[in-house]
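First comes the structure, then the notes that go with it.
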Amino acid sequence: MIRTAKARERDAAQQAAQWFARLLSPQQDEGVRVAWQQWFEACPENRQAWTKVEAVQRCFSDVSCKQVAMATLQGTDSGRRRILRLAVA
């Protein structure tokens, strides 16, 4: 069965997300890193998918937890949220 380019890209994207989670795991060891490197080098779709994962990760790393918390808590009149806003500020 011949897989379409779109199917290969979709599979590579799913695998890249799984690799990202595995590499962030505190239980990861050198074997995981070696296996990831082999996957990364196996085909161009894998390299492209990994580049996208890194781009998304960079977007989130630029956002501080305080910014997210304040944005979430803005515009509410609830007493509990008001107290939380004070705690975050």
Ignoring hydrogens and angles, write down the donor-acceptor pairs under 3.5 Å from the side chains of residues 17-27, residues two or more places apart or on other chains.
from : atom 1 : to  : atom 2 : distance (Å)
S25  : OG     : Q27 : N      : 3.1
S25  : OG     : Q27 : OE1    : 2.8

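A side-chain donor-acceptor contact under 3.5 Å links D29 to the backbone of V32.
Residues forming a side chain to side chain contact (heavy atoms under 4.5 Å, CB included) with Q38 (at least two apart in sequence, or on another chain): V34. Not a single side chain to side chain contact (heavy atoms under 4.5 Å, CB included) links A13 to another residue, sequence neighbours left out.
Counting all heavy atoms, side chain and backbone alike, A12 lies closest to W39 at O-CZ2, 3.7 Å.
Remark: of the listed residues R10, R8, Q15, R8 is the sole one forming a side-chain hydrogen bond (donor to acceptor under 3.5 Å, both in side chains) with E45.
Figure legend: R33 and W36 shown as a cation-pi pair, the cationic atom lying under 6.0 angstrom from the six-membered ring centre and within 45 degrees of its axis.
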